[in-house]
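A short worksheet on the structure shown next.
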Amino acid sequence: MAPRRTRATERDRSRRVLSQNFLADPAAIARVVRSARPDPDGLVLEVGAGRGQLTRPLAAASGRLVAYEVDPAAAAELAAVCAALPHVRHRQADFLTAEPPGEPFAVAGNIPWSLTSAVVRWCLAAPGLRAATLLTQLEYARRRSGDYGRWTRLTVLTWPEFSWRLAGRVPRTAFRPVPRVDAGILRIDRRPEPLLSRAALPAYREMVELGFGGAGGSLAASLRRRYPSARLSAALRATRLASETPVGYVWPEQWLVLFRLLHAR
């Protein structure tokens, strides 16, 4: 006899639409808060606050906290949690529509995994962001942080201004309901000073976009479309890069050296 199929409830469907997997394990919650390292005098925005599992410990470690949760069912419980916490404000709103604060701030949260890219873009575009500690799918955190030994276009593009790091792993059993994959704690930090001058950043980004353009299957083949062959070959030798190296295997630090050599006056 075929197994009986259970009918999904309205709440189950809502969780699926909103990508809700609430963090339930106390040890995992503590690990995320340690990775966030909130400023005891600073402002923290919490994304996807849910029922307040992370809100309480984040609030205890930070100066001020604004907790965002778009789901009305979860937000009702969150509002009760926030009402009992000093220096905490609750926002039943879509975090992605929020205006970034006009002061330095950090972002932390167990974000909806279906909105990971959008949340990361919001963080990178916010002028006052100092750090973001985001609980994402493990694969995403590993790819963005170079943990596979390969580097993505976004990581390389933003490397002069931001560092990317896999700060820890959280097993899928730490969530309710249990998702299909483990999670990673992705830490993004704005550098106190960019590794290149602000005037040089547009040219650096153009070079990175060209390099990831896919011509010929290697970084050298892509860059030869714009840079003289002899100069590029010399820069590759100085950077210890073989001409056939695929673009994803080029370290961010090597991109910086290449840029300085190719754009030296």
Should [X] and [Y] be counted in the same cluster of Ile, Leu, Val, Met, Phe, Trp and Tyr side chains packed under 4.5 Å apart?
{"X": "Phe22", "Y": "Val178", "value": "no"}
{"X": "Leu115", "Y": "Leu78", "value": "no"}
{"X": "Ile185", "Y": "Val44", "value": "yes"}
{"X": "Leu166", "Y": "Val156", "value": "no"}
{"X": "Leu96", "Y": "Tyr140", "value": "yes"}

Does the [X] side chain pair with the main chain of [Y], one donor and one acceptor, at a distance under 3.5 Å?
{"X": "Thr155", "Y": "Trp151", "answer": "no"}
{"X": "Arg176", "Y": "Thr173", "answer": "yes"}
{"X": "Glu69", "Y": "Gly50", "answer": "yes"}
{"X": "Arg172", "Y": "Val181", "answer": "no"}
{"X": "Ser197", "Y": "Ala200", "answer": "yes"}
{"X": "Trp255", "Y": "Trp159", "answer": "no"}

Looking at Glu46 and Arg91, is any side-chain nitrogen of the basic one under 4.0 Å from a carboxylate oxygen of the acidic one?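 Not counted as a salt bridge, because no side-chain N and carboxylate O are separated by less than 4.0 Å.
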Is any NZ, NE, NH1 or NH2 atom of the basic residue among Asp147 and Arg169 found under 4.0 Å from an Asp or Glu carboxylate oxygen of the other? yes
Working to the nearest 0.5 angstrom, can you tell me the gap between [X] [atom1] and [Y] [atom2]?
{"X": "Asp71", "Y": "Asp94", "atom1": "CG", "atom2": "CG", "value": "12.0 Å"}
{"X": "Leu43", "Y": "Arg64", "atom1": "CG", "atom2": "CZ", "value": "5.0 Å"}
{"X": "Asp41", "Y": "Asp39", "atom1": "CG", "atom2": "CG", "value": "5.5 Å"}
{"X": "Arg150", "Y": "Tyr249", "atom1": "CZ", "atom2": "OH", "value": "4.5 Å"}
{"X": "Ser145", "Y": "Leu186", "atom1": "OG", "atom2": "CG", "value": "6.5 Å"}
{"X": "Phe175", "Y": "Leu23", "atom1": "CZ", "atom2": "CG", "value": "5.0 Å"}

Which atom pair, heavy atoms only, marks the closest approach of [X] to [Y]?
{"X": "Phe212", "Y": "Arg153", "result": "O-NH2, 3.5 Å"}
{"X": "His87", "Y": "Gly63", "result": "CB-O, 3.2 Å"}
{"X": "Leu65", "Y": "Ala59", "result": "CD1-N, 3.9 Å"}
{"X": "Asp189", "Y": "Arg37", "result": "OD1-NH2, 4.3 Å"}
{"X": "Cys82", "Y": "Thr55", "result": "SG-CG2, 4.2 Å"}
{"X": "Asp25", "Y": "Ala28", "result": "OD2-N, 3.0 Å"}

Pairing donors with acceptors under 3.5 angstrom, does anything connect the side chains of Arg144 and Thr152? yes
Any heavy-atom pair between the side chains of [Y] and [X] that's under 4.5 Å?
{"X": "Leu124", "Y": "Leu154", "result": "yes"}
{"X": "Val32", "Y": "Asn110", "result": "no"}
{"X": "Leu256", "Y": "Tyr204", "result": "yes"}
{"X": "Val120", "Y": "Trp164", "result": "yes"}
{"X": "Pro179", "Y": "Trp113", "result": "yes"}

Which is it for Thr245 and Leu219 under the side-chain contact (heavy atoms from CB on, under 4.5 Å) test, yes or no, and what are the steps along the way? CA-CA 6 Å; Thr245 303; Leu219 173 63; 5.7 Å; no
Do other residues, nucleotides or ligands put more than 12 heavy atoms under 6.0 Å from Glu193 CD?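 Result for CD/Glu193: open.
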Kindly check if the number of other-residue, nucleotide or ligand heavy atoms within 6.0 Å of CZ (Arg191) is above 12? yes
Donor-acceptor pairs under 3.5 Å, side chain of residues 125-139 to any protein atom, not counting sequence neighbours: which ones?
| from | atom 1 | to | atom 2 | distance (Å) |
| --- | --- | --- | --- | --- |
| Thr133 | OG1 | Arg187 | NH1 | 3.1 |

Checking side-chain contact (heavy atoms from CB on, under 4.5 Å) for the pair Arg89/Val66: CA distance, chi angles, key distance, verdict? CA-CA 5 Å; Arg89 288 182 293 163; Val66 181; 3.3 Å; yes
All pairs passing side-chain hydrogen bond (donor to acceptor under 3.5 Å, both in side chains) where residues 211-236 contributes a residue, at least two apart: Tyr227-His263
Take Leu262 and Met207 through the test side-chain contact (heavy atoms from CB on, under 4.5 Å) and record every step on the way to the result. CA-CA 10 Å; Leu262 292 172; Met207 188 189 79; 4.1 Å; yes
Using the side-chain contact (heavy atoms from CB on, under 4.5 Å) criterion, which residues pair with Thr239? Sequence neighbours excluded. Leu241, Gln254, Val257, Leu258, Leu261
Residue pair Leu195, Phe259: steps toward the side-chain contact (heavy atoms from CB on, under 4.5 Å) verdict: CA-CA 12 Å; Leu195 300 178; Phe259 175 78; over 6 Å; no
